Q: 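This structure is in structure tokens; I'll ask about it shortly.
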Amino acid sequence: MIDRRGPLAMRWAVSLAAVAALAVGSGCSLIPSDDSGRAPGSSASTSATPSPTPSRPPGASGSDSSRPSDADPARCRPDDCPKLPTPTAELMTSGVDPGNVGNAVPEYLTTLLDDLDQTWGGWFDQLGWGDPAPGRVLIGSGTSFTTECIAGDEDSSPVPIPSDEANAFFCGADTEPNGQGVPTEGSVVLPVETFAAIWDGNVFGVPSPIVGDFTAAIVVAHEYGHNVVFRMAEVFDIPDSRLPAGKNSELIADCLAANWGATAYQRDALGAKEILQVAGLLPIIGDTGGASGHGSARERAVALTVGLTGPQFNRQGQPVDCIERYWPEFFEVG
């Protein structure tokens, strides 16, 4: 039989083959951790220190810019959660080379955050949940940022994070300007020099032979995934005890990142090459000893696969697939 579905269907089949290889071969932040469970270069945290994941400080209610105008928004249910909309804008390529890295990397990270704002903003808008755009921190070359989510010893002051910190994270306690310049509680923090090294094959301090724009993009999208969970919990005043538990707190961020990746596919910006970049990332970011709670390389591959193709490889991923698998408590809360 002649396949009349055209090049799009053929490209999807090639991408699915790459995803299948990803899932079979191989789930804080999408970065490596040492055996102690701490991100390299970060100090030991204590129970009194906020975690760089979607937890809220006690009593916080969020900024007005991130709250919906409707005081009683409708909860998304498994049978009526909308599909993540695809932005009309093309996904920008970085064009990073040794001569322009200083300008090209911050510009690329900014356009990624803009794209994520538009993508997830469209989904939140359909549901009447307000604006999910987080605060943004791009730690420029030679500068540092003091985050409320990483501290030294107990009762010590927050530790400044340099631009070459081998980490990237979302912090629910940091209030910084969002893409529109509005101070917003809950911020994505990206060290620019660390991201610049990715295009030289240095992925958060670990050599990788397969790198490119999508290596950086999926890391940013993962941190934005933490932000999505944070905003959803904020809209419905869900307590920390009902947030994704254990390694699911990281796996849902992987899954939501791949939801965004499906929109990149829709815009002809995601194919087998980009999926292989993610496959090259997994051995670096997956837990080897199971102690740090991020998920093994295989678990993270499954989460990314569910987010991209759905649990049965039968559709381009949708947020409900990620929520049902990694945050079922969201649907259980009254």
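No experiment lies behind these values; they were computed from the predicted model shown.
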Q: To the nearest 0.5 Å, what is the distance between CG (Leu256) and CD1 (Ile323)?
A: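 Going from the CG atom of Leu256 to the CD1 atom of Ile323 covers 7.0 Å.
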Q: Could you pull out the closest heavy-atom pair between Thr111 and Tyr108, with the gap in Å?
A: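 Scanning both residues, the minimum pair turns out to be OG1-O, 2.8 Å.
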Q: How about Asp321 and Pro311: do any of their side-chain heavy atoms sit closer than 4.5 Å?
A: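 A side-chain contact exists here, since the closest heavy-atom pair is under 4.5 Å.
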Q: Would you say Pro134 and Asp117 make side-chain contact, with heavy atoms under 4.5 Å?
A: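 Yes, side chains in contact.
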Q: Atom CG in Leu243, atom CD in Glu329: separation rounded to 0.5 Å?
A: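 Rounded to the nearest 0.5 Å, the CG-CD separation comes out at 8.5 Å.
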Q: Could you check whether Asp213 and Trp199, counting side-chain N and O atoms only, form a donor-acceptor pair closer than 3.5 Å?
A: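 There is such a pair between these side chains.
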Q: I need the single residue from Val188, Val220, Val228 that forms a side chain to side chain contact (heavy atoms under 4.5 Å, CB included) with Leu116. Which is it?
A: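 Going through Val188, Val220, Val228 one by one, the side chain to side chain contact (heavy atoms under 4.5 Å, CB included) with Leu116 is satisfied by Val220 alone.
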Q: Which pair of non-hydrogen atoms, one from Val101 and one from Ala196, has the smallest distance, and what is that distance?
A: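 Answer, listing the atom of Val101 first, then Ala196: CG2-CB, 3.5 Å.
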Q: Let me confirm one number: the CZ-CD1 distance from Phe169 to Ile161, rounded to the nearest 0.5 Å.
A: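 Here the interatomic distance stands at 5.0 Å.
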Q: Could I get the full list of side-chain hydrogen bond (donor to acceptor under 3.5 Å, both in side chains) partners for Asp200, not counting sequence neighbours?
A: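 side-chain hydrogen bond (donor to acceptor under 3.5 Å, both in side chains) list for Asp200, sorted by chain: empty.
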Q: If I compare all heavy atoms of Thr263 with all of Pro85, which pair ends up nearest, and what's the gap?
A: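 Residues Thr263 and Pro85, closest heavy atoms: CG2-O, 3.8 Å.
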Q: Which of parallel (below 30°), tilted (30 to 60°) and perpendicular (above 60°) describes Phe214 and Trp260?
A: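 Judged by the thresholds at 30° and 60°, the geometry between Phe214 and Trp260 is parallel.
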Q: Measure the spacing between CG of Leu308 and CD of Gln316 and express it to the nearest 0.5 Å.
A: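 Nearest 0.5 Å value for the CG-CD distance: 7.5 Å.
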Q: If two hydrophobic side chains count as joined below 4.5 Å and joins carry through other members, does Val235 share a cluster with Leu127?
A: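 Same hydrophobic cluster.
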Q: Would you say that Pro132 contacts Trp123 through its side chain, given a criterion of any heavy-atom pair below 4.5 Å between the two side chains?
A: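 No, their side chains stay 4.5 Å or more apart.
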Q: Do Leu190 and Val206 sit in the same hydrophobic cluster, where Ile, Leu, Val, Met, Phe, Trp and Tyr count as joined when their side-chain heavy atoms come under 4.5 Å apart?
A: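 Yes, it is one cluster - the side chains of Leu190 and Val206 are joined through contacts under 4.5 Å.
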Q: Would a 4.5 Å heavy-atom cut-off, applied to side chains only, mark Glu223 and Leu113 as touching?
A: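 Heavy-atom side-chain distance check fails, nothing below 4.5 Å.
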Q: Group every Ile, Leu, Val, Met, Phe, Trp and Tyr by side-chain heavy-atom contacts under 4.5 Å, then state whether Ile238 and Phe124 land in the same group.
A: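 Yes, Ile238 connects to Phe124 through the hydrophobic network.
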Q: Mind checking the CZ-CD spacing from Arg77 to Glu324? Nearest 0.5 Å is all I need.
A: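 Interatomic distance, Arg77 CZ to Glu324 CD, rounded to 0.5 Å: 10.0 Å.
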Q: Kindly indicate whether the side chain of Asp174, heavy atoms from C-beta on, has any atom under 4.5 Å from the side chain of Val189.
A: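 Side chain of Asp174 against side chain of Val189, heavy atoms only: contact under 4.5 Å found.
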Q: To the closest 0.5 Å, what do you measure between CG (Asn178) and CZ (Arg136)?
A: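 Atom-to-atom, Asn178:CG and Arg136:CZ are 7.5 Å apart.
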Q: Please assess Lys247 against Asp254 for the test salt bridge (charged side-chain N to carboxylate O under 4.0 Å, His left out), listing each intermediate value before the final yes or no.
A: CA-CA 11 Å; Lys247 65 180 68 175; Asp254 290 343; over 6 Å; no
Q: Any cation-pi pair here, Arg75 with Phe236, using under 6.0 Å and within 45°?
A: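 Yes, Arg75 and Phe236 form such a contact.
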Q: How about CG on Asn100, more than 12 heavy atoms from neighbouring residues, nucleotides or ligands closer than 6.0 Å, or not?
A: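 Counting neighbours around CG of Asn100, more than 12 heavy atoms of other residues, nucleotides or ligands fall under 6.0 Å, so yes.
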Q: Hey, is CD on Glu90 packed in by over 12 heavy atoms from elsewhere, all under 6.0 Å?
A: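 Count not over threshold, so no.
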Q: Looking only at non-hydrogen atoms, find the nearest pair between Pro207 and Ile284 and report the distance.
A: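 Closest approach of Pro207 to Ile284, heavy atoms only: O-CD1, 4.2 Å.
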Q: Any side-chain heavy-atom pair from Asp115 and Arg267 closer than 4.5 angstrom?
A: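 Answer yes - side chains close enough.
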Q: Work out which heavy atom in Val192 is nearest to a heavy atom in Pro106; give both atom names and the distance.
A: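 Nearest pair, atom of Val192 first, then Pro106: CG1-CG, 3.9 Å.
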Q: Does Val219 reach the side chain of Phe195, with side-chain heavy atoms less than 4.5 Å apart?
A: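 Side-chain contact under 4.5 Å: yes.
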Q: Measure across Pro73 and Trp129 and return the closest heavy-atom pair with its distance rounded to 0.1 Å.
A: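 Looking at all heavy atoms of both residues, the closest pair is CB-CD1, 3.9 Å.
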Q: Flag yes if Leu84 and Phe331 sit in one hydrophobic cluster, no otherwise; membership is Ile, Leu, Val, Met, Phe, Trp, Tyr, and two members link when side-chain heavy atoms are under 4.5 Å apart.
A: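 Per the 4.5 Å side-chain linkage, Leu84 and Phe331 are co-clustered.
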Q: So, the side chain of Thr309 versus the backbone of Val306: is there a donor-acceptor pair under 3.5 Å, distance only?
A: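 It does not hold such a pair.
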Q: Take the angle between the ring planes of Trp327 and Phe330 and call it parallel below 30°, perpendicular above 60°, tilted in between.
A: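 Aromatic pair Trp327/Phe330 classed tilted.
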Q: In the structure I gave you, are the side-chain heavy atoms of Gln277 and Ile198 within less than 4.5 Å of one another anywhere?
A: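 Gln277 vs Ile198: side chains apart.
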